[in-house]
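See below for the structure under consideration.
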Amino acid sequence: MTLPGGIKSVSELPVEGKRVFVRVDFNVPLKNGKITDDARIRATLPTIRHLIERGARIVLGSHLGRPDGQVKPEFSLEPVAARLAELVETDVALADEPVGDGARKVVSDLRDGQIAMLENLRFHPGEEANDEAFARQLASYADIYVNDAFGTAHRAHASTAGMVKFVADKGAGFVMAKEIEFLSRLLGNVDRPYIAVLGGAKVSDKIEVLDSLLDRVNGIVIGGAMANTFLEAQGKSLGKSKVERDKLPIARNFLRKAVERLVPVHLPTDVVVATGLDAEDARAVSVDAIPADQMALDIGPLTIEAYRKVLGAARTVFWNGPMGVFEKPRFAQGTIAVARALAENKLALTVVGGGDSAAAIAQAGLADKVSHVSTGGGASLEFVQGLDLPGIAALRP
Ligand code: ADP
Ligand code: MG
């Protein structure tokens, strides 16, 4: 199946007997050298199995953490290669460097259906610098380029963008293909009303998204610490809540623009407050009665009801950012309620993006009840704004 923009799916590529470089996202969480969550490795298995079955010679490339262009053993892909080998029940030959004689040898030793993995691409400064010589070296290991790492598609790095033009054929892996398919449906002709739910930690992270969504959506629902800044911009007293005081003018400006464009912006009318994250005194109060010594840590029950109504009537929903400090069960109710509202709305296209939002919906056991949970945080936010992601642009014919 060909994707929007004429991008080929890996299923359309003539990979038999070819060296196929696959940019994967194996940036997994590690603790004392052990992988604590292998979801990102598992996510790429359909692409890797497809290639094994067709006798491709597979060359995997990924980054892990932020070694900043230096070889740092704690960021070695070794545990990742070992885990992948268990999952596919095949050897995975790990090169001891991203490029160079060792890498070339590991790749040239490959036979049909075998897997090689390059060492952490960010061990070399050329990766993040999108250096041409480094990109050409990576490209020299491949006849076909496949990108299955949506989470880094918003970065123009050597392995996501620079190397692609030096490889004869290219396409999207199954993870990437699903991302492009669903996120594209949030652009252009969407079923309306289209509602965006934005929450999480900071206005500053997401103000550009908010601005750009004003032109696309029929309503914006705001929660989380982000809502605090908007409430203070409206003159409320937020007590000890997390507020970005330096962003108040931006927040006011945004609210004024929304009025001009007739886009309703829904803000909390009540919040759950407490004296601290671990305090036992959590209770719901009106946003006009937040005690000076307390902080807003979740949206309140009246707000939940109002947001449920807006989301129940929506036909397209994009959600990024939790409604409260969902890591603490006491302050997770608002986030769980939004997750449920999306899961229950069977008439709508429902898309969730963002690391913490994805974790929250998984924690609520509802990840498979929405249309799509994006594997990318920053990448999904750039996509829904209609920006052209370098890693996707590079896959177009
Ligand atoms: P995502 O990863 O989905 O994009 P963010 O990283 O922007 O989301 O925000 C998630 C973080 O925001 C969580 O750690 C959560 O605890 C925090 N948060 C949400 N609401 C509040 C609040 N009212 N006060 C403080 N922190 C909050
Ligand atoms: Mg986050």
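This is a predicted model, so every value here is computed, not measured. Both ligands and their constituent atoms are indexed starting at 1 by order of listing.
Between His266 and Tyr307, the two ring planes are perpendicular [angle over 60°; tilted spans 30° to 60°]. Ring geometry, Phe174 versus His50: the interplanar angle exceeds 60°, so the pair is classed perpendicular (tilted spans 30 to 60°).
Of the protein's non-hydrogen atoms, Lys206 NZ, 3.1 Å is the one closest to atom 4 (O) of ligand 1. In terms of protein heavy-atom proximity, atom 23 (N) of ligand 1 is nearest to Ala296 O, 3.1 Å. Here the protein heavy atom with the shortest distance to atom 3 (O) of ligand 1 is Ser357 OG, 2.5 Å. Among protein heavy atoms, the minimum distance from atom 25 (C) of ligand 1 is reached at Val325 CG2, 3.7 Å. Remark: minimum distance from atom 12 (O) of ligand 1 to any protein heavy atom is reached at Ala201 N, 3.3 Å. Scanning the protein heavy atoms around atom 6 (O) of ligand 1, the nearest turns out to be Asp356 OD2, 3.0 Å. For atom 13 (C) of ligand 1, the closest non-hydrogen atom on the protein side is Glu327 OE2, 3.2 Å.
The distance from ligand 1 to the heavy atoms of Gly224 drops below 4.0 Å at these ligand atoms: 20 (N), 23 (N). The distance from ligand 1 to the heavy atoms of Gly355 drops below 4.0 Å at these ligand atoms: 2 (O), 3 (O). Near Asn320, meaning under 4.0 Å from one of its heavy atoms, ligand 1 places the atoms 4 (O). Set against the non-hydrogen atoms of Gly321, the atoms of ligand 1 under 4.0 Å away are 3 (O), 8 (O).
Between Asn320 and Val352, the closest side-chain pair of non-hydrogen atoms is not below 4.5 Å. The shortest side-chain heavy-atom distance between Trp319 and Thr335 falls under the 4.5 Å cut-off.
Taking each of Ser241, Ala225, Gly324 in turn, the one with a heavy atom nearest to atom 22 (C) of ligand 1 proves to be Ala225.
Annotation: cation-pi geometry satisfied between Arg136 and Phe166 (NZ/CZ under 6.0 angstrom from ring centroid, within 45° of ring axis).
Results of the salt bridge (Lys or Arg N to Asp or Glu O under 4.0 Å) test with Glu127 over Arg122, Arg66, Arg23 single out Arg23 as the only residue that passes.
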Self-check item: Derivation of the side-chain hydrogen bond (donor to acceptor under 3.5 Å, both in side chains) call for Gln114 and Thr90
Solution: CA-CA 8 Å; Gln114 292 187 336; Thr90 307; over 6 Å; no
Practice problem: Would you please test Thr303 and Asp270 for side-chain hydrogen bond (donor to acceptor under 3.5 Å, both in side chains) and show each step? | Solution: CA-CA 6 Å; Thr303 304; Asp270 62 342; 2.5 Å; yes
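The nearest N/O/S atom of Asp356 to the Mg ion (ligand 2) is OD2.
At least one donor-acceptor pair under 3.5 Å links the side chain of Ser241 to the backbone N or O of Ala296.
The closest approach between Pro322 and ligand 1 falls below 4.0 Å for a heavy atom of the residue.
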